[in-house]
Amino acid sequence: MSGSVRRSERHKGWRALALAAALMLAPPAAAEVPQRVVSINLCTDQLAMLLAAPGQLVSVSNLARDPLASAMAEEAAAYPENHGLAEEVFALRPDLVLAGTYTSPATTGLLRRLGVRVETFAPASDMAAVRAEILAMGTALGRDEAARAMVAQFDADLAALRADPATGPRAALYYANSYSLGDKTLSGQILAAAGFRNVGAEAGLSIGGTLPLEVLILAHPDLIVSGQRYPGASRSEEVLDHPALAALGTASARAAMADRDWICGTPYVLRAVRALRAARDGLTE
Amino acid sequence: MRLPYPALLAALGLAGALLFLASLLVGPAAIGLSDSLAALIHGQGEAVTLVMREVRLPRAILGAAIGAALGLSGALLQGLLRNPLAEPGLIGTSSSAALGAVLAIQTGVSAAFALALPLAALAGALASVAVLLLLSGPRGSTLTLILAGIGISSLATATTALILNLSPNPFAANEIIFWMMGSLADRSMLHVQLALPFLGLGALLAIPAARSLDALTLGEDAAASIGVNLRRLRLLTVLAAALMVGAATAVAGAVGFVGLVVPHLLRRACDARPSRLLAASALGGAAVVLAADVAVRLIAPDRDLKLGVLTALVGAPFFLHLILRTRQEGL
């Protein structure tokens, strides 16, 4: 393509490219660096906002603006929003679309058939996956250097926060519909990083599943960790107000955590670990 | 072999009592038989007592009370409409009660004022029966009754789904299945306190209606000639059924087919006399819902299988069988 460009323009082009490369701190990948990136998944939204060069990210999903689900709702307000529909995404003329592995295959398939590069990211299920996601996003955006720096910071922060769960207090993750999470999940790993043993895992959960109320009561957890309450009402959340839980009284402390720090594998999981550490310190006092 | 009526009631009562006990003893937490009874009765063992008294006991009480209410409502409505297919689920009473309950919950009224939940469900149930009587007439033929029921129930279910889909709460939309199929999972003593007065009042109202329903089997004119006040009877029966279906649905969702299957199974043993069928259907309904609630916990302990799934699996073939029979009888 550059062959058809006149000599002076070509010179200018090279200069711009060199500038861009310097900005992106990733000269070798610069040739394939996407310039118009659209993210259609809550988690890729946040990773892309954290890592993209100025102007590189064109749009994020509407979920990124939801302060209950997104740790970066304020930042997301600066980007035009999309609703993850193939038609509106294609109209943004992206050269890279970032999606989750659970994004509708109809959407990603259609975009690929239209010739758009689509990168999918799996939901992180542990701290190692969080690191890998950050690095993968860095590669996708041509921002490897920034991603490596972020991972180094993440590792250092996590190491400073991490506590040994082996002898720690026992906590149960307990959400609407008696849903709980075992240790092979990001939430379970956040719990472990904060130095808690997982009651859900003791009850046989490795991934997510139901932890019946009566099993929870008999397990005597030191701490019951729940998410925040959502507006409007639901029968699903009623179990969190069950009189039997209230009757546990001081035997099991309760902690409500902001879901936004737990949902996605981003450095914001450290905020969740920090909040749990504070809850743990409150237990031992 | 035919059981005498008192023996029938005793047998149904015994079955209900045994299933009540089973409901208390079956659960995801494995607690020994003696431990669980000691905890329930004497309060031995703090956590076990909490499980028995605050988790399992309300579930068993609600299973029995709601089952009785549904069986009784079915028998009442069938007696009033003189139609074996009249059932709260089929004629749209349950789904309208669910709509009322969902409205109370989603507008936040029930959070501010707990009684609003059963009251709104009661209003929904009453409205649906009133519309049904308007559409099909007091003597409603099977066809108009079922068609009117389909219409009311589709409208109520769709409106419920619309409200839940528009809710800002991420869990609300998934609860459409609860309101359509019913469940007793994780109910508490608060729900027992909320529902029981309404269920009891409905059952009390059924008592004066019983005799009149017997007379009504002879036809409206004959019943009126022996002194039955038809207007009063209609009002009593509809109010009783609405009270019971409303309160039951408000706390447990719409559990279908109990009011259809139970009276049908017991009708012959009761000589097809509505007054006898009422008490028998209440006891039978309690046994059926308790059995279904024990079964959902045994079949899928960790899945919250919905009660209505089981009752419909048994009840829907019954319903089809009844349609076939009413067709053969040329109705």
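Convention: sequence-line order gives letters A, B, ...; per-chain numbering from 1.
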Check whether [X] gets within reach of chain A through its side chain, its backbone, both or neither, counting any heavy atom under 4.5 Å.
{"X": "B:I31", "answer": "side chain"}
{"X": "B:S183", "answer": "both"}
{"X": "B:R187", "answer": "both"}
{"X": "B:A111", "answer": "neither"}
{"X": "B:F171", "answer": "both"}

Of the listed residues ([options]), which shares the most heavy-atom pairs with chain A below a 4.5 Å separation?
{"options": "B:G108, B:G27, B:A47, B:A185", "answer": "B:A47"}
{"options": "B:M52, B:R56, B:M189", "answer": "B:R56"}
{"options": "B:V51, B:L190, B:V102", "answer": "B:V51"}

Under a 3.5 Å distance rule, please check whether [X] uses its side chain to pair with a backbone N or O of [Y] as donor and acceptor.
{"X": "B:T160", "Y": "B:A156", "value": "yes"}
{"X": "A:E214", "Y": "B:A29", "value": "yes"}
{"X": "B:R59", "Y": "B:L24", "value": "no"}
{"X": "A:S252", "Y": "A:P221", "value": "yes"}

What part of A:V239 gets closer than 4.5 Å to chain B, counting heavy atoms only: side chain, backbone, both or neither?
->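 Only the side chain of A:V239 comes within 4.5 Å of chain B.
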Using non-hydrogen atoms only, which part of A:L211 is less than 4.5 Å away from chain B: side chain, backbone, both, or neither?
->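 When you check distances to chain B, no heavy atom of A:L211 falls under 4.5 Å.
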Counting heavy-atom pairs under 4.5 Å to chain B, which of [options] comes out on top?
{"options": "A:A233, A:A244, A:G232", "result": "A:A233"}
{"options": "A:P231, A:A247, A:A69, A:P243", "result": "A:P231"}
{"options": "A:L248, A:L213, A:L218", "result": "A:L218"}

Between atom CZ of A:F121 and atom CG of A:L47, what is the distance when rounded to the nearest 0.5 Å?
->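 One gets 7.0 Å once the value is rounded to the nearest 0.5 Å.
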Can you pull the side-chain hydrogen bond (donor to acceptor under 3.5 Å, both in side chains) pairs that have at least one residue in residues 167-177 of chain B, sequence neighbours excluded?
->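 Passing the test, one end in residues 167-177 of chain B: A:S236-B:E175, A:E237-B:N169, B:Q106-B:S167.
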Side chain to side chain contact (heavy atoms under 4.5 Å, CB included) with B:I66: which of B:T249, B:V251, B:V245, B:I61?
->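 Among B:T249, B:V251, B:V245, B:I61, the one that satisfies the side chain to side chain contact (heavy atoms under 4.5 Å, CB included) with B:I66 is B:V251.
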Taking the side chain as every heavy atom from C-beta outward, state whether A:M49 and A:L57 have any pair of such atoms under 4.5 Å apart.
->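 Counting from C-beta outward, A:M49 and A:L57 do come under 4.5 Å.
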How about B:M180: does its CE atom have over 12 heavy atoms from other parts shown lying under 6.0 Å from it?
->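 12 or below, so no.
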